[in-house]
Protein chains: 2
Amino acid sequence: MSQQRHGNTSGNAGGVPAFPDLPEATIARLPEYLRALHHLSEAGADTVSSEGLAAAAGVNSAKLRKDLSHLGSYGTRGVGYDVTLLIDQIEYILGLDQRRNVALVGLGNLGHALAGYAGFASRGFRIVALFDADHDQVGKRIHGLTVRHVGELGRAVVDEGITIGVIATPPTAAQGVADELVTAGVTSILNFAPCVLSVPAGVDVRKVDLAIELQILSFHEHRKASLTALPGGRTAEEDGENQEAVGS
Amino acid sequence: MSQQRHGNTSGNAGGVPAFPDLPEATIARLPEYLRALHHLSEAGADTVSSEGLAAAAGVNSAKLRKDLSHLGSYGTRGVGYDVTLLIDQIEYILGLDQRRNVALVGLGNLGHALAGYAGFASRGFRIVALFDADHDQVGKRIHGLTVRHVGELGRAVVDEGITIGVIATPPTAAQGVADELVTAGVTSILNFAPCVLSVPAGVDVRKVDLAIELQILSFHEHRKASLTALPGGRTAEEDGENQEAVGS
DNA sequence: CGCGATTTGTGCACGCCTTCACAAGCGCTT
DNA sequence: AAGCGCTTGTGAAGGCGTGCACAAATCGCG
Ligand SMILES: NC(=O)c1ccc[n+]([C@@H]2O[C@H](COP(=O)([O-])OP(=O)(O)OC[C@H]3O[C@@H](n4cnc5c(N)ncnc54)[C@H](O)[C@@H]3O)[C@@H](O)[C@H]2O)c1
Ligand SMILES: NC(=O)c1ccc[n+]([C@@H]2O[C@H](COP(=O)([O-])OP(=O)(O)OC[C@H]3O[C@@H](n4cnc5c(N)ncnc54)[C@H](O)[C@@H]3O)[C@@H](O)[C@H]2O)c1
């Protein structure tokens, strides 16, 4: 949408946007900042301090300032950051100003939930195609979209400008689906199947594995249990700051 | 299950298991190794080399060896690792030998999918209670469990030995649910609502935000697009190694 | 116009994590 | 019993990320 782009620190006056190579850790936090900013914006805030935004996003304020400084200087000393300006800037960096078309493959339990999730559309993504291998699923309409057979995937990806594929099939089928997506030209994949995907260089894969999340929690439970058996249980004080979030 | 525990490097002959404080990064990878090991085990493998297991888990072999060395020496030089021995060891470290009871709060689209997911039970977790605030949901039976009203949460947590809570409510309700879980004694929370939770120290929160995953992919799409516009597009060769996984 | 209050942007130090490279150790073969 | 090939376990180096602490910059007010 708002495609305004403001002076880049390393003043490059060319057509290409001089892409700053942000640290991966920073990129993973930008969406959090963005969500917090939208929240603030809806609450009517014009500006926000690094302290305030950091609290809203659940991070250290120094970290937040360093992250934002990588995008350029969009804050005003003594005042803070302009909320809408920062939103535009982060959305530009994340490429959310151009709506991204997403294909969802595998419409079982999880796929159904994903297809009906409003939180994608509101954050710049549009699921434009649904695919399944099961002929009982094919033809069904889900939230305004018709489930197509996975064989049509290749053509649909090209025709509808799909750049992101979401895999919600059983793990045995995931690699095959990934191959088809890549062949069709998809260069980003979000994989919910608990397995490792092999893809050519240039294709990004992110994996979400809920069981792994639970297992990490289980480890900490185990650790906590074996600690309370030992010395004086520490008094619980101070909140937050022990928030773990996804991200590579 | 198999609770055998083998000589710890720092030989402590006490009742308490001498908990090694593993690096967080290592902990986050152990579940991946575990899945790969189970896969190998089903395929009939008795031993596996660090190279082989690393490939199956999608990581560097040196990293894998260092990770495993933190648990103690369970490999044999010139041979590799004993698959079942390593499985038992990792499961012990992760606390998966004692089945963990999980409460799921919020049975909308996502909650339904989670409730019916077999992948939890097969990996040591058991969803034992479902809660919702909506009276239309309360009373429904989902995969053998009856949805209860969220008001009963406190008692159920205590009665049924629940240590992990999963939040799948809208973000506005998430903090309230988290508070109730914590009050009831839950010390680990997996949060699907896109918001920051504030919890007392000693409580672990892990967050899964699918929109954030897509936004990170979007960034890389944006970056790739602005690169191909520039110099010679690099030739795509060599596969894997650009796999990003969740984990803090 | 000057000053103090406020807040950003960043230099710096520290710790964690990754990766290479290789010595030490194990088993198989002869 | 000795040698050889293979694989683990780890020392060391380098890179990345974090957080402190402070100088620089801006605003509001007298
Ligand atoms: N349900 C959950 O809450 C949950 C949680 C975490 C992970 N997962 C993972 O997500 C994936 C999907 O889970 P689910 O519970 O929805 O499984 P599911 O069995 O309900 O659905 C899988 C769907 O994929 C389709 N499918 C199978 N092979 C296909 C192919 N080659 N091409 C296209 N579609 C194909 C099937 O027809 C089915 O509709 C699994 O890998 C599962 O491990 C699910
Ligand atoms: N559906 C998805 O694929 C998806 C994907 C990513 C994130 N999420 C997030 O997961 C959460 C749930 O998503 P959904 O699509 O299932 O939403 P939903 O609206 O379908 O379901 C929410 C459920 O929570 C219940 N609820 C509301 N307040 C409650 C309370 N105080 N206590 C207990 N239960 C309460 C509601 O009755 C409803 O059944 C949301 O925060 C959403 O942003 C969903």
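Sequence lines set the chain letters: A, B, ... in the order given, protein chains first and strands last, and positions in each chain run from 1.
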- [ ] Keeping the roles fixed (side chain from H70(A), backbone from P23(A)), state whether a donor-acceptor pair exists under 3.5 Å.
- [x] no

Task: Presence of donor-acceptor pair under 3.5 Å, side chain of K66(B) and base of dT10(D) - done: no

Open item on the list: In whole Å, I'd like the distance from the CD atom of E24(A) to the C1' atom of dG15(D).
Closed with: 15 Å

- [ ] Specify the closest pair of heavy atoms between V102(A) and I162(A), including all atoms of both residues, with the distance to one decimal.
- [x] C-CG2, 4.2 Å

Open item on the list: Give me the atom names and distance for the closest heavy-atom approach of L94(B) to Q215(A).
Closed with: CD2-O, 4.1 Å

Task: Euclidean distance, atom CG of residue L64(A) to atom P of dT8(C) [Å, nearest integer] - done: 9 Å

Open item on the list: Quick check: on DNA chain D, is the nucleotide nearest R29(A) upstream (toward 5') of the one nearest E51(B), or the reverse? Name the residue that is more 5'.
Closed with: E51(B)

Open item on the list: Rounding to an integer number of Å, can you tell me how far D67(A) CG sits from dT8(C) C1'?
Closed with: 14 Å

TODO: Check whether any side-chain nitrogen or oxygen of N60(A) sits under 4.0 Å from OP1 or OP2 of dG17(D), and answer yes or no.
DONE: no

Open item on the list: Strictly under 4.0 angstrom, non-hydrogen atoms only: write out the protein contact profile of nucleotides 21-30 of chain D, one letter per nucleotide from the 5' end, B, S or -.
Closed with: B--BBBS---

Open item on the list: Using whole Å, what does the distance between atom P of nucleotide dT8(C) and atom NZ of K63(A) come to?
Closed with: 17 Å

Task: Carboxylate-amine/guanidinium proximity below 4.0 Å for E24(B) and R29(B) - done: no

Open item on the list: Just N and O in the side chain of S50(A): are any of them under 4.0 Å from OP1 or OP2 of dT7(C)?
Closed with: no

Task: Separation of atom CG in L53(B) from atom P in dG9(D), rounded to whole Å - done: 12 Å

Open item on the list: Using whole Å, what does the distance between atom C1' of nucleotide dT7(D) and atom OH of Y74(B) come to?
Closed with: 19 Å

Task: Smallest separation among heavy atoms of D179(A) and S198(A), with atom names - done: OD1-O, 4.1 Å

- [ ] State whether a side-chain donor-acceptor pair under 3.5 Å links D67(A) with T26(A).
- [x] yes

- [ ] Grab the CG-P distance between L68(A) and dT7(C) for me, whole Å please.
- [x] 16 Å

Open item on the list: Which heavy atom of S49(B) sits nearest to which heavy atom of Y81(B), and what is that distance?
Closed with: C-CD1, 4.5 Å

Open item on the list: How many whole angstroms separate atom CG of L22(A) from atom C1' of dG17(D)?
Closed with: 14 Å

Open item on the list: With a cut-off of less than 4.0 Å, is there a side-chain N or O of Y81(B) near OP1 or OP2 of dG9(D)?
Closed with: yes

